[in-house]
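In each ligand, atom 1 is the first atom listed, and ligand 1 is the first ligand listed.
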Amino acid sequence: MTDPAPLSPSTHTPPRRYRASGKVILLGEHAVVYGHPALAAAITPGCEVWHAAPAAPGLSLTIAAWERTFRPDDASDLGRALAALAETLGVTDAALEGVLHLPGGGGLGSSAALGVACARALLGGDDDLERTLAGALAWEKVFHGNPSGVDHTLAALGGVRRFVKGEGASRVGLRRGMTLVIADSGERASTRDMVASVAAQVAHRPAETRRTLEAIAALVRNACLALPEGDFKTLGDMMNLNQMLLSSLLLSTERLETLCAAARGAGALGAKLTGAGGGGCMVALCPDEAATVARVTAALTALGAPTRQVEVTP
Ligand code: MEV
């Protein structure tokens, strides 16, 4: 019997993966479009992008799970976003592939995560934050018209942050970690349409709508004082009040209200829609005990909603 041939070392190096986070807005969506602060936490994994081998000329982005390849000339939003991103970064050729770990259109920042991961892939790393953010903003504008910037900033920076449009993001210190349970309503609405519906309310009922947006800003300010103290009870109260104000702006749905009520009934400290609303996801803040997290998850699952637990660490 002859000895087996020695194993030759593999010459295949897997392509480098460029990553970006999703996000959950804890407080302040929509008001943030009008210059008020928002409080958001990054969620990982968000998405990953890499360069396809062999590289092909031109620009493309393949999402295998969707069985689709997007190109600038195919008139899809993703194709146009890729073109806007590549133009901002001065790149003409790149064949990218990506995988999303978040539901699309659910308010968890999947499009921004994809934009930031693509920007990082086109730049070859995550060192150049300014160009990454500029490219991802061009990408986001294709989807959302006039985004505040909270989604792609969280996607690039991670962490728990207070964000103000035009000013950027500052880290919010957490005294201890917190557990969020996120549930998908299964409903979908376009962010662009939901932002436009608030703009219509600002135009038609300026005084009332602006008061509502200012009330939301006050909740964010209170929460930013409570979090460094580890005061999750106050954060939960602010989330519940924020949900009422978002409902008053016609951004909630019956399904989202049902999910929020179920989460609170099972012991969540607070629950609200997250992101643009009109569907998408809700987020529930759970107290420390694992038993409550399990009860909240079970209550949401019993209503047929896919859930995920997110640990937000200091
Ligand atoms: C979407 O995730 C958050 C909104 O406030 C829009 C924005 O900030 O651009 C609804």
Counting from 1, what ligand 1 atoms have a heavy atom of [X] closer than 4.0 Å?
| X | value |
| --- | --- |
| Val32 | 5 (O), 8 (O) |
| Lys23 | 2 (O) |
| Val150 | 8 (O) |
| Asp151 | 1 (C), 2 (O) |
| Glu29 | 5 (O) |
| Pro147 | 9 (O) |

Report task. Might you point out which heavy atoms bring Pro147 and Lys141 nearest each other, and give the distance in Å? Result -> CD-CG, 3.8 Å
Query - Under 3.5 Å donor-acceptor, Ser185 side chain and Gly280 backbone - result: yes
Requested in this report: Just say parallel, tilted or perpendicular for the rings of Trp139 and Phe143, cut-offs at 30° and 60°.
Outcome: tilted
Can we say [X] and [Y] salt-bridge, meaning some charged N sits less than 4.0 Å from an Asp/Glu carboxylate O?
| X | Y | answer |
| --- | --- | --- |
| Arg188 | Asp184 | yes |
| Glu48 | Arg19 | yes |
| Arg71 | Asp74 | no |

Report task. Output, in order, the C-alpha distance, side-chain angles, deciding distance and verdict of side chain to side chain donor-acceptor pair (under 3.5 Å) for Gln201 and Glu208. Result -> CA-CA 9 Å; Gln201 294 175 63; Glu208 297 90 328; over 6 Å; no
Query raised in the report: Any nitrogen or oxygen of Thr191, main chain or side chain, under 3.5 Å from a nitrogen or oxygen of ligand 1?
Result: no
Query - Polar proximity ligand 1 side, Asn146 side, N/O cut 3.5 Å exclusive - result: no
Report task. Just grab all the salt bridge (Lys or Arg N to Asp or Glu O under 4.0 Å) pairs involving residues 272-288, residues at least two apart or on different chains. Result -> Glu29-Lys272, Arg176-Asp288
What protein heavy atom sits nearest [atom], and how far off is it?
| atom | answer |
| --- | --- |
| atom 3 (C) of ligand 1 | Ile25 CD1, 3.8 Å |
| atom 4 (C) of ligand 1 | His30 N, 4.0 Å |
| atom 6 (C) of ligand 1 | Val33 CG2, 3.9 Å |

Query raised in the report: Is ligand 1 less than 4.0 angstrom away from at least one heavy atom of Ala276?
Result: yes
Requested in this report: Would you check if there is a donor-acceptor pair between the side chains of Thr179 and Glu311 at a distance under 3.5 Å?
Outcome: yes
Report task. Select the closest option to atom 7 (C) of ligand 1 among Ala40, Gly145, Ser148, judged by heavy-atom distance. Result -> Ser148
